[in-house]
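I have a structure I would like to understand better, so I am pasting it below and will then ask my questions one at a time.
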Amino acid sequence: MTTLDVARADLALLVLYLNKAEARDKICRAIQYGSKFVSNGQPGTAQNVDKSTSLARKVFRLFKFVNDLHGLISPVAPGTPLPLVLLGKSKNALLSTFLFLDQIIWLGRTGIYKNKERTELLGRISLYCWLGASTCTSLVEIAEIGRLSASMKKLEKELKDSDKCKNEQYFSKLQKSNERSLALIKAGMDLLVAVGLLQLAPKKITPRVTGAFGFASSLISCYQLLPSPPKSKAN
């Protein structure tokens, strides 16, 4: 491939990435929490960027609650333990509620919905739902990593002295384990961000700490949404 062909391929992947509403939302999220880190809760330009970006992001999430509502009523994978099923469905229910309430909060902050006190109350309830969803996600990821680890150990015994990484099944499980480990780190960060936004531990989780974890979590989300590069065709 020529340099121009490589540039075209890279730009095509970038266009594909930026065409996703979810990707634009996560980029805005990184800006929002980066601004929160800079402002440290103090009035100024950074705090204004934080607030305006937070409001703008709500447009990207319009009707997004339908995704988790669909996940709530969808059948689970065969063989999934009941505790994991319950945790997964709880996560879907909490996240769907959080995103639904987010629509009302958006209406309140734009002035369409006039009850300011109720808007603030719903804002706290929605954050508690997000906190619960992040907790459920963390527990699910821990359990799934444990299940993958057990199946990988079993496969290692079967493969014995052969090269594990050349085995497609083992390599696939290893990739899934790495992906779930990253998802666990992100869920843990989101949990701390929710605690910070709710001011449940204001002395330890300050606005700057909240901003740092939120920014790092956003970068992980941006990475997770990257499209896979096209496989080169053999001549």
Side-chain angles (χ1 to χ4, degrees), residues 14-68 94-135 137 185-226:
L14 182 61
V15 169
L16 181 65
Y17 182 72
L18 294 176
N19 277 341
K20 297 179 181 178
E22 185 77 8
R24 293 197 301 273
D25 175 41
K26 298 310 177 188
I27 292 169
C28 288
R29 187 178 191 263
I31 295 169
Q32 176 194 344
Y33 284 104
S35 302
K36 188 180 288 293
F37 173 80
V38 173
S39 73
N40 195 24
Q42 300 302 314
T45 303
Q47 191 181 69
N48 293 337
V49 172
D50 173 14
K51 290 180 178 178
S52 61
T53 310
S54 174
L55 187 61
R57 283 185 61 220
K58 296 188 186 301
V59 178
F60 290 117
R61 299 203 297 263
L62 285 173
F63 303 109
K64 192 180 172 183
F65 69 91
V66 174
N67 294 355
D68 280 280
L94 288 165
L95 205 51
S96 183
T97 305
F98 160 68
L99 291 167
F100 176 75
L101 292 176
D102 209 43
Q103 317 294 284
I104 302 172
I105 296 161
W106 175 70
L107 292 173
R109 290 182 181 172
T110 52
I112 299 171
Y113 182 62
K114 303 296 182 182
N115 195 325
K116 187 177 178 180
E117 288 183 5
R118 187 164 291 179
T119 300
E120 294 301 318
L121 176 62
L122 290 175
R124 284 192 68 80
I125 292 171
S126 73
L127 285 174
Y128 273 111
C129 288
W130 186 38
L131 176 63
S134 298
T135 304
T137 302
I185 293 168
K186 179 186 174 300
M189 287 182 176
D190 285 341
L191 197 155
L192 292 172
V193 171
V195 170
L197 294 175
L198 286 164
Q199 296 183 332
L200 299 179
K203 291 183 179 179
K204 293 183 178 179
I205 305 180
T206 62
R208 178 153 287 170
V209 173
T210 303
F213 278 116
F215 181 74
S217 170
S218 302
L219 292 182
I220 292 174
S221 295
C222 290
Y223 170 76
Q224 289 173 325
L225 289 167
L226 284 172

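What you see is a predicted model; the values in this text were computed from it and never measured.
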Surrounding NZ of K20 (heavy atoms of other residues, nucleotides or ligands, distance under 6.0 Å), is the total greater than 12?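 More than 12 within 6.0 Å, yes.
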Working to the nearest 0.5 angstrom, can you tell me the gap between N48 CG and T53 OG1? 10.0 Å
Say you draw a straight line from CD1 of I31 to CZ of R57; how long is it, rounded to the nearest 0.5 Å?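 Result: 10.5 Å between the selected atoms.
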Does the side chain of D102 reach to within under 4.5 Å of the side chain of I105, using non-hydrogen atoms? yes
Should we say atom OH of Y113 is surrounded by more than 12 heavy atoms from elsewhere, each under 6.0 Å from it?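 For Y113, atom OH is crowded (more than 12 foreign heavy atoms under 6.0 Å).
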To the closest 0.5 Å, what do you measure between CG (L225) and CD1 (I27)?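 If we round to the nearest 0.5 Å, L225:CG and I27:CD1 are 9.0 Å apart.
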Just checking, is any N or O donor in the side chain of R29 or S217 under 3.5 Å from an acceptor N or O on the other one?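 The criterion, which ignores hydrogens and geometry beyond distance, is satisfied for S217 and R29.
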Nearest 0.5 Å, please: how far is CD in Q199 from CD1 in I205? 11.0 Å
Can you confirm whether W106 sits close enough to L62 that some side-chain heavy atom of one is under 4.5 Å from a side-chain heavy atom of the other? yes
Hey, what do you get for CZ (F37) to CZ (F213), rounding to the nearest 0.5 Å? 11.5 Å
Which heavy atom of L127 sits nearest a heavy atom of F98, and at what distance? N-CD1, 4.5 Å
Atom pair CG (L121) and NZ (K116), whose distance is rounded to the nearest 0.5 Å: 14.5 Å
Measuring only between side-chain heavy atoms, which start at C-beta, is Y17 closer than 4.5 Å to C222? yes
Taking the side chain as every heavy atom from C-beta outward, state whether I220 and M189 have any atom pair closer than 4.5 Å.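 In contact.
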Should K36 and R208 count as side-chain neighbours, where that means a heavy-atom distance under 4.5 Å?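 A side-chain contact under 4.5 Å is absent here.
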Can you name the closest pair of heavy atoms from A46 and V38 and give their distance? CB-CG1, 3.9 Å
Is there a side chain to side chain contact (heavy atoms under 4.5 Å, CB included) between S218 and K26? Walk through the geometry before answering. CA-CA 6 Å; S218 302; K26 298 310 177 188; 5.5 Å; no
Just wondering, more than 12 heavy atoms not from K51 lying within 6.0 Å of its NZ? no
Has Q224 got more than 12 heavy atoms of other residues, nucleotides or ligands less than 6.0 Å from its CD? yes
Taking the side chain as C-beta and beyond, is there a heavy-atom pair between Q32 and V49 under 4.5 Å? no
After noting the C-alpha distance and the side-chain angles of F215 and Y33, does the key distance pass the ring-ring contact (aromatic ring centres under 6.0 Å, His included) rule? CA-CA 5 Å; F215 181 74; Y33 284 104; 9.2 Å; no
Ignoring hydrogens, what is the shortest heavy-atom contact between L99 and Q103? Give both atom names and the distance.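 So the two residues come closest at O-NE2, 3.0 Å.
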Just wondering, do I104 and T119 contact through their side chains at under 4.5 Å, heavy atoms? no
Could you list the donor-acceptor pairs under 3.5 angstrom formed between side-chain atoms of residues 128-135 and any protein atom two or more places apart in sequence or on another chain?
from, atom 1, to, atom 2, distance (Å)
S134, OG, W130, O, 3.0
T135, OG1, L131, O, 2.9

Which atom of V193 lies closest to which atom of G214, heavy atoms considered: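 Smallest heavy-atom distance, with atoms named: CG2-N, 3.4 Å.
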Could you check whether any side-chain heavy atom of S35 comes within less than 4.5 Å of a side-chain heavy atom of Q47, counting everything from C-beta outward? no
Would you please test N67 and L95 for side chain to side chain contact (heavy atoms under 4.5 Å, CB included) and show each step? CA-CA 10 Å; N67 294 355; L95 205 51; over 6 Å; no
Ignoring hydrogens, what is the shortest heavy-atom contact between F60 and C28? Give both atom names and the distance.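 Minimum heavy-atom contact is CE1-SG, 3.9 Å.
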K64 vs S96, test: side chain to side chain contact (heavy atoms under 4.5 Å, CB included). Steps then yes/no. CA-CA 8 Å; K64 192 180 172 183; S96 183; over 6 Å; no
